[in-house]
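Take a look at the structure set out below.
The basis for the numbers below is simple: all heavy atoms, side chains too, and nothing from hydrogens, waters or symmetry mates.
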Amino acid sequence: MNASLRRLGHDNVDLYQLHGWDPLTPIEETLTFLDDAVHAGKTHHIGLSNFTGWQMQLASSTAKALGLQVPVTLQPQYSPLSREIEYEIIPAALHNNIGPLPWSPLAAGFLSGKFHKGQKPASDTRAGSGTARNDHIYADYAGKDQNWATLDVVRDIAAQLDVTPSQVAYSWVGNRPGVIAPIIGAKTITQLEQNLPAGDLILDADATAQLDDVSAPTPNDYPYGPFGEKQRGRYVDSSEQVIVELGQ
């Protein structure tokens, strides 16, 4: 951490986040290191990034049990095309008062509106750069009809509001439960200037519902589908009642 601060030319930072889960180091050791960094004045707060729900809960519970600094942020992937964190990670973050700072809210630029189904991405875009990683990411997004349907809704809402598709996507992510703010990955000053107004954009209930519906994850019935959702809200009543309600 000292080397990072030297490179930044600062004595401390406001927030220091772990980039990912370390399976080789005991979480107690990692949390003690972060606690020492706070007490030494090197950072004011600590956070996590790319942790699963159980990893985040373990980190938070362990920190509390040992009287160490508790993580206050989580940096997960989150966009209308990547909503799986709503199953476990968002509920765990809300339970622990951890604020999500989503990365890739535009799904690697897919939701910027610059791509079209059946057309090769332009060479000046990330998707058209020709790198193996970016080719894989774009192919994953472009290979799902639901993603193109979601992009169509994003474009329609943007046209109705006279804003850009990027602003719509940023607004949707930024106003999800618990989210502090999406991370903007602008490549140019122009992109930054175009995207910043999304901070003041609030989608109305109808637009939000449209985007929620078209992008909804489609898990199996249990544990994250309709049956699982209803059963998690019950601790006394039987599963039989859940089946009855789902059949109505």
Can you check whether [X] reaches [Y] side chain to side chain, under 4.5 Å on heavy atoms?
| X | Y | answer |
| --- | --- | --- |
| Val154 | Trp172 | no |
| Gln77 | Glu84 | no |
| Leu66 | Leu31 | no |
| Leu48 | Gln75 | no |
| Asp14 | His45 | no |
| Leu161 | Ile157 | yes |
| Gln146 | Leu81 | no |
| Ile85 | Leu74 | no |

Could you grab the distance from atom [atom1] of [X] to atom [atom2] of [Y], nearest 0.5 Å is fine?
| X | Y | atom1 | atom2 | result |
| --- | --- | --- | --- | --- |
| Trp54 | Leu58 | CH2 | CG | 6.0 Å |
| Ser61 | Ile27 | OG | CD1 | 11.0 Å |
| Thr43 | His10 | OG1 | NE2 | 12.5 Å |
| Trp103 | Ser49 | CH2 | OG | 8.0 Å |
| Leu111 | Thr164 | CG | OG1 | 11.0 Å |
| Ile90 | His95 | CD1 | NE2 | 14.5 Å |

Output, in order, the C-alpha distance, side-chain angles, deciding distance and verdict of side-chain contact (heavy atoms from CB on, under 4.5 Å) for Val70 and Asn96. CA-CA 9 Å; Val70 178; Asn96 289 284; over 6 Å; no
Taking it one step at a time, do Ile46 and Val38 satisfy side-chain contact (heavy atoms from CB on, under 4.5 Å)? CA-CA 8 Å; Ile46 64 169; Val38 173; 3.8 Å; yes
Hydrophobic cluster membership, with links at side-chain heavy-atom distances under 4.5 Å among I/L/V/M/F/W/Y: are [X] and [Y] in one?
| X | Y | value |
| --- | --- | --- |
| Trp148 | Ile137 | yes |
| Leu5 | Leu34 | yes |
| Tyr16 | Trp21 | yes |
| Val13 | Val72 | no |
| Leu94 | Tyr87 | no |

If you look at every heavy atom in [X] and [Y], which pair is closest and at what distance?
| X | Y | answer |
| --- | --- | --- |
| Glu28 | Thr62 | CG-CG2, 3.9 Å |
| Pro100 | Ala93 | CG-CB, 4.3 Å |
| Ala198 | Tyr170 | CB-CB, 3.6 Å |
| Pro182 | Val173 | CB-CG1, 4.0 Å |
| Pro71 | Gly47 | CB-CA, 4.4 Å |
| Ser60 | Ile98 | CB-CD1, 4.5 Å |

Gln210 and its side-chain contact (heavy atoms from CB on, under 4.5 Å) partner, picked from Val153, Asp156, Leu203: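 For Gln210, the side-chain contact (heavy atoms from CB on, under 4.5 Å) check succeeds only for Val153.
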Can you name the one residue among Leu201, Thr208, Val163 that meets side-chain contact (heavy atoms from CB on, under 4.5 Å) with Ser171?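 Only one option passes, and that is Leu201.
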Other residues, nucleotides, ligands: >12 heavy atoms within 6.0 Å of Ile189 CD1: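 12 or below, so no.
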Answer yes or no: is there a donor N or O on one side and an acceptor on the other, between the side chain of [X] and the main chain of [Y], under 3.5 Å?
| X | Y | answer |
| --- | --- | --- |
| Gln57 | Gly53 | no |
| Ser104 | Leu106 | no |
| Asn50 | His19 | yes |
| Asp204 | Asp206 | yes |
| Asn220 | Tyr222 | no |
| Gln119 | His116 | no |
| Asp140 | His136 | no |
| Ser82 | Ser79 | no |
| Asp35 | Leu68 | no |

Please step through side-chain hydrogen bond (donor to acceptor under 3.5 Å, both in side chains) for the pair Glu193 and Thr190, ending with a clear verdict. CA-CA 5 Å; Glu193 292 173 344; Thr190 299; 5.0 Å; no
Stepwise side-chain hydrogen bond (donor to acceptor under 3.5 Å, both in side chains) check, Tyr224 with Glu86: CA-CA 10 Å; Tyr224 300 121; Glu86 294 173 7; over 6 Å; no
What verdict does the side-chain contact (heavy atoms from CB on, under 4.5 Å) test give for Glu29 and Thr32, after you've listed the backbone C-alpha separation in whole Å, the side-chain angles of each residue and the deciding distance to 0.1 Å? CA-CA 5 Å; Glu29 182 177 333; Thr32 298; 5.8 Å; no
Might you work through the side-chain contact (heavy atoms from CB on, under 4.5 Å) test for Leu18 and Phe51, ending with a clear yes or no? CA-CA 9 Å; Leu18 299 178; Phe51 273 45; 4.0 Å; yes
Before you tell me yes or no, could you show the steps for Tyr78 and Arg176 under side-chain hydrogen bond (donor to acceptor under 3.5 Å, both in side chains), namely the whole-Å CA-CA distance, both residues' side-chain angles and the distance that decides it to 0.1 Å? CA-CA 10 Å; Tyr78 196 23; Arg176 300 302 288 176; 3.2 Å; yes
Parallel, tilted or perpendicular: which describes the rings of Tyr138 and Phe110, with under 30° parallel and over 60° perpendicular?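 If you compare the ring of Tyr138 with that of Phe110, the planes turn out tilted.
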Scan side-chain atoms only and decide if Thr73 and Gln17 contain a donor-acceptor pair under the 3.5 Å cut-off.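 A pair is found: one side chain offers a donor N or O, the other an acceptor, under 3.5 Å apart.
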Given Gln194 and Ser166, is the side-chain hydrogen bond (donor to acceptor under 3.5 Å, both in side chains) satisfied, shown in steps? CA-CA 8 Å; Gln194 290 173 343; Ser166 295; over 6 Å; no
Closer than 4.0 angstrom, basic N to acidic O: yes or no for Lys117 and Asp145?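 Salt bridge between Lys117 and Asp145, a charged N being under 4.0 Å from a carboxylate O: yes.
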